[in-house]
Amino acid sequence: MSNVPTTPRANRTVHHPTTPATNRLNSSHITQASPHYTTTRRHSLYGVEDRVVVDPGSRIWKVGFSGEGKPRDVFFAAGKEAQALWKLSRTSDPQARLEEDKMLEVRLRHCLRSVFHDSLLTDPKARKVIIIETPLLPMYIKEMMARILFENQVPSVSFAPSHLLSLMAVGRITGLVIDCGHLESVALPIFAGRPLFPRIQTTPLAGERLTSHLRALLLMFATYLPPPTSLSAAINVPAANRATRVPPEVLSDLVVEEIKTRCCFVGPALDSRAKFQEEYNAAAGGGADSSSASSDVDMMNVDAESTSSHAGFESTTSSQAGEVSSEFSIITNSQAESSVPVSSTVRSEGYLEALASMYKKHSTATDLKMRVTPVQQTGTGMGTLIIPGWIRERAAEVLFEGDVDESSLAETILNALLKIPVDLRKTLASSILVSGGTAMLPGFIPRLHSEIIRSLLTPTPPPSRNSDSSKRRPTLPQYDKYSTLRPLMPYFAILDNPSPPTAQSERARGNAGKAPAFTPAMLAWVGGSLAGALKTGGSEVIRENWDELGEEGDESNVHADDAMDISELTTTATPKKSNILPDWTRSPLRPGAPSAIAAKLGAPAAGAHAAVPSTPSTPAPPSTSFNFSRSRSSVAT
Amino acid sequence: MAPSVLYHCPCLSTSSVPPPPHLPSSSYSFHPLNTLFFCEECDAVRCNQCVSVEVSSYYCPNCLFEVPSASVRAEKNRCARNCFMCPNCRNTLAAVPADPPESSDGRISGSVNEGPYILYCNHCRWDSVEIGITFEKPTGLAAQLQKFEDSAPDSLEFDRLKEHFDAFLRQSALAASTTGTHPHHTHSHSLHTNSITAAASAALARDIPGVGKYNPLARSTNNRGYGKDKSVNRDEMTEYRSRSEISQAAGGGELDVELMNGLEEVDEVASLDQRWESSWVSSMQTKDLKPIRIPLHSKRSKRCPACTHILIKPEQKSQSVRYKIKLVASNYLPGIVVVLPHVRQAKEELLKRNLGKSVSAQAEEPSVGMVAGRSYEFQLNLTNPLYDPIEVRLSVQRVHVSTAPAKEGVSPEKAKRPPFAISLPTTKFPISPFAEAWEYEDDEDMFGVEDDELGIGPASATVKTTKDKDGRARPKTVGVLERKANKTVVGGEIVIGKEAQGSVKFNMLVSYTYRSDDPAPSESGDMDGHNARAPEIKTFSFYTVVDLGPIIPREEVKLDL
């Protein structure tokens, strides 16, 4: 007891303690020309000029100082097991949403404070901060981060778009960047340093979807050996006798994550669509033999439906997964919902079986054994999970097989290309850049390239579709969506393709695989570090400006952020805090811009101005597609 | 999980009443007492999430070297001396002399203490020879490795990129200044344009092929005809030639796919957190991992966010664990420990039974808990840290909503009914002042309200408790059970509803009165007189959340039986 306890003085605010939150704000006003700030200036000798670069993902954060080639620290934002900090959708129930926001805020605060105090060991008062944001990061999250940072007295915060930074990290300012993160994959064309935001394309096929798909596959096809009951049993009882289906409890988030990051890879595409289809039919027939007799009828369905596009096939996979793990339920799509629930269970089992046997045939990947913590401690030692090789190789197929509602990664890229002016297409198609953590899967980028080519080769839907699908509702007339892109085929090149295919054009040869060997996951951070070193890291929000708005900015506006409709969007006259944050969906037009209508339709980015008027054929996208939370709902329906 | 008491810090909400404990976010408002601070100026509790933090010194946790702040950044926040972590198990590595080469006659030649030296992990037996790192001398290892770090491909590539963009930015700035009054530049400096965009804003003026010009004034009309030929524009960046291209990189691509395809053991591939810090494409294999320099720690002083008074300030020296200033909450607020007698009793019995058994059986947690539809007693053990006697009043915040998410089929009014009821003594009760042990003259000063035999103290024997509990009259479970030195044990009772689920967690307001600035030392035990004598009585109150653990639903119990 080094400190003599003295009686606490004064009971000023016993029942109503003054809220430190407001105190903090006030004090930051007072200390604007704060002594702290001036005294820490002397540290400039030691490089206070370098900014703090934060790449806050929904799951993984990368932090470090600008001017360095790699981040100082990388960490899980909410612990290893925890879910993502934010999701693609917010709850609609106001009570629950309040709670959700509160959770997000405390977690963000915890992360941001630990960036300064644990990861970088630096004083927040002395460092400007660059936040790397994905273009569709909801405003309320940005606002929250800015508020927390300013509460911790950082001198300035700037937001920089991750896609542009990724391009900078490979030494370019023009390219089509696709960022495969955890929640979604976002393709954004950038021309001459200007992101063409209205041409953004997203798909929820990303890390999280891969995780849940992998979990569904493991639950069905992996084998679990519980620990032997006694040491002698380990020798005497053959492993085959102990083998069981995988209990869901064994597949903790941690285990699935480890399998995803340590065992999975992306195999090359299966040869051709025709052969694939044929194989698949055969596999479906084979699957009928092995499954129970009761599912014979369903198997006929399988045969009938197997002629449908691969997309439908995948959708039932996800509906199956929905029944296996409840986490999957958010992403059930329309097709799964419309089908009869009872039969869909059996049918999708059949589908998965068919899928399994087909992939098994093609896979040479080795089966892996993994030690896992058993459900309950009944025997000795750890349980064993046997992961079939084909799951390791083919789990990521889910990312390359989109459906009507959720376009695959290749389709996302092609859709973005379709939206940009014809003259830019060749340039952008030959400088595709893949970034993001999901792209770290070995073989991912080469596969993406071949998928792009394949989508261009295959006229969708395949001709066999109309022939004998009597049970199906009539399909749409044939529509070759990407026909206009087909001439570009020889020009497609992925800049950071580690093993580019033989180039078919001079342009592709000059670009494919020519990027520096930064890892895809780190591109955005390296770009942020570069931008900080070049002192161009996005427009700054200075603390003084933020604090000035402190009194007027009321929280209710901020929370109503995404409920804001178009009229509100144009009529917000009162200054509020989120208004001083850069936001491409809302930024005012420069003088002389056509009209406010264009602003409503969300085409305010500088580059878009040059592009929009000249391409009237491109319909202006509805404003909802720029609203993060709403775009989800449009996907779901 | 053991029952716990956490203390509320009001920093997260604007109201003084803490959030209901069943909300997951509420767990961030409550902290263990030992992590809290107390600001004397504001008379308020402060937690680690609201204090402002300043670094007072940096040191290496392994060698305890104090690193001057000037060199911290250059050393990348890591120890630049001899401290390394094992890449596999994060244990500290030891620099040991490598096995000397055996001479032909089987005898060890040369002295043992001569180089080369290697890094060796005492835990997992990793050594740096595996990745081909040996050292000439056993000191300054980081400096010896520095040359590798300086020539790391990522930093070289980064410098090249920087030069590349520097040149481009200079060029475009130059171009911008010569163009002079180009309208785009004035606008692009507005707050809402991205300044990376602004940096390249010269590009805006560029004739994008096939795209109509946004500002025709800025362009001469004859540009239109051969726009495509004007590829050499000032915004057109010269092509960047990578120092080492990704297609030529050592790792990644087909090689990794092949490696993964033939993978035999999961452990051959390094885990995500072992490789995620590298920004350069490198091998995925565990055997290629490099030793990690140990990250520095910092000693921090913390200030109250409201009045910026220092709450805690450590001594500068890294070897010292003392503090110059230490205003921790445990010196101001009574400490509370909650005990569930029936659980403790069951645990001790289990321990006794398992005494002779194997270790594996001990891993089983005793499944003693609180079953829905029954009532239990619990004890709060309050300790007074002050040198003055205090009087404490406890009041339980009503639980409004069911702790469990409403199940389908359960009627809403049923779900709304509080799942449990708490009874605690509502009257004030005293706790004697803290004093050094020798100041307690006799045991009678630490009298018990009940017999001293009552086995409630933490170290009491189980058998006794059982006996006493059986023999004890029912009403005695609620109220002050025992007073001893500066500790008072208060009993409470909890009645759990039949349909209850979730866990028993409730907010409890603790308010205590104390005499402030009273020079006369109080006589311990004399509680009655002090109210009348003391001129200045002050009250402080704070919220706590008491977590008694999960409720076991009834069905489960039946199944177990």
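A, B, ... follow the sequence lines: proteins, then strands. Residue 1 opens every chain. Since the structure is predicted, the reported quantities are computational estimates derived from the model, not experimental observations.
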> Are the aromatic ring centres of B:Phe540 and B:Phe38 under 6.0 angstrom apart?
yes
> Considering residues at least two apart in sequence or located in another chain, which fulfil the side chain to side chain donor-acceptor pair (under 3.5 Å) criterion with B:Arg241?
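B:Arg241: no side chain to side chain donor-acceptor pair (under 3.5 Å) contacts found.
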> Regarding B:Glu277 and B:Lys76, does a basic nitrogen lie under 4.0 Å from an acidic carboxylate oxygen?
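Salt bridge between B:Glu277 and B:Lys76, a charged N being under 4.0 Å from a carboxylate O: no.
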> Considering only heavy atoms, which portion of B:Phe542 lies under 4.5 Å from any heavy atom of chain A: side chain, backbone, both, or neither?
neither
> Could A:Glu151 and A:Arg109 be called an ion pair, given the rule that one side-chain N must be under 4.0 Å from one carboxylate O?
yes
> In terms of heavy-atom proximity below 4.5 Å to chain B, should A:Leu441 be classed as side chain, backbone, both, or neither?
neither
> First locate atom CG of A:Leu368, then atom CD of B:Glu264, and finally report the distance between them rounded to the nearest 0.5 Å.
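Result: 8.0 Å between the selected atoms.
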> Under 4.5 Å, counting heavy-atom pairs only, tell me which of B:Val55, B:Asp159, B:Asp166 racks up the most with chain A.
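Winner by heavy-atom pair count: B:Asp166.
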> Among B:Ser244, B:Ser155, B:Cys307, single out the residue with the greatest number of heavy-atom pairs under 4.5 Å to chain A.
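Sorted descending by pairs with chain A, the first entry is B:Ser244.
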> For B:Leu296, is it the side chain, the backbone, both or neither that has a heavy atom under 4.5 Å from a heavy atom of chain A?
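Answer is both: backbone and side chain atoms of B:Leu296 are under 4.5 Å from chain A.
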> For the atom pair NZ (A:Lys62) and CH2 (A:Trp525), what is the distance rounded to the nearest 0.5 Å?
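One gets 11.0 Å once the value is rounded to the nearest 0.5 Å.
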> Would you give the length of the straight line joining atom CG of B:Leu161 to atom CG of B:Asp154, rounded to the nearest 0.5 angstrom?
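Interatomic distance, B:Leu161 CG to B:Asp154 CG, rounded to 0.5 Å: 11.0 Å.
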> For each of A:Thr261, A:Leu121, A:Val106, tally heavy-atom pairs with chain B at distances under 4.5 Å, and name the one with the top tally.
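Counting heavy-atom pairs under 4.5 Å, the top option is A:Leu121.
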> Examine whether an atom of A:Asn497 lies under 4.5 Å from a heavy atom of chain B, and if so say whether it belongs to the side chain, the backbone or both; otherwise answer neither.
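A:Asn497 touches chain B through backbone heavy atoms alone.
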> At a heavy-atom distance under 4.5 Å, which candidate from A:Lys260, A:Arg107, A:Glu100 has the highest pair count against chain B?
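Among the listed options, the one with the most contacts to chain B is A:Arg107.
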> Tell me, out of A:Pro520, A:Ser119, A:Gly67, A:Gly64, who's got the most heavy-atom pairs with chain B below 4.5 Å.
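Among A:Pro520, A:Ser119, A:Gly67, A:Gly64, the one with the most close pairs to chain B is A:Gly67.
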> OH of B:Tyr512 to CG of B:Leu386: how many Å apart, nearest 0.5 Å?
5.5 Å
> Flag the one option from A:Arg72, A:Lys70, A:Met522 with the top tally of heavy-atom pairs under 4.5 Å to chain B.
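Max contact count across the listed options: A:Arg72.
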> Heavy-atom pairs under 4.5 Å with chain B - which of A:Lys369, A:His117, A:Glu393, A:Arg392 has more of them than the others?
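Result: the option with the highest number of such pairs is A:His117.
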> Using side-chain heavy atoms (C-beta onward) and a distance below 4.5 Å, is A:Cys263 in contact with B:Val266?
yes
> Kindly determine whether B:Asp267 and B:Thr286 satisfy side-chain hydrogen bond (donor to acceptor under 3.5 Å, both in side chains), including the steps that lead there.
CA-CA 7 Å; B:Asp267 294 341; B:Thr286 314; over 6 Å; no
> Could you look at B:Glu239 and say if it's the side chain, the backbone, both or neither that has a heavy atom under 4.5 Å from chain A?
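Contact with chain A: side chain only.
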> B:Arg300, B:Arg243, B:His164: which one forms the most heavy-atom pairs within less than 4.5 Å of chain A?
B:Arg300
> Between A:Met103, A:Met370, A:Arg113, A:Lys102, which shows the greatest number of heavy-atom pairs under 4.5 Å with chain B?
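Among the listed options, the one with the most contacts to chain B is A:Arg113.
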> Between B:Ser27, B:Ser247, B:Ser278, B:Ser26, which has the largest tally of heavy atom pairs under 4.5 Å with chain A?
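Of the candidates given, the most pairs with chain A belong to B:Ser247.
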> Heavy-atom pairs under 4.5 Å with chain A are the metric here; pick the option from B:Ala152, B:Gly262, B:Pro295, B:Ser52 that has the most.
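Ranked by contacts with chain A, first place is B:Gly262.
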> Side chain, backbone, both or neither: which part of A:Ala521 has a heavy atom under 4.5 Å from chain B?
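Nothing of A:Ala521, per the 4.5 Å heavy-atom cut-off to chain B.
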> When you measure from the side chain of A:Arg447 to the backbone of A:Gly267, do you find a donor-acceptor pair of N or O atoms at a distance under 3.5 Å?
yes
> Measure distances from A:Phe116 to the heavy atoms of chain B and classify the residue's part below 4.5 Å as side chain, backbone, both or neither.
neither
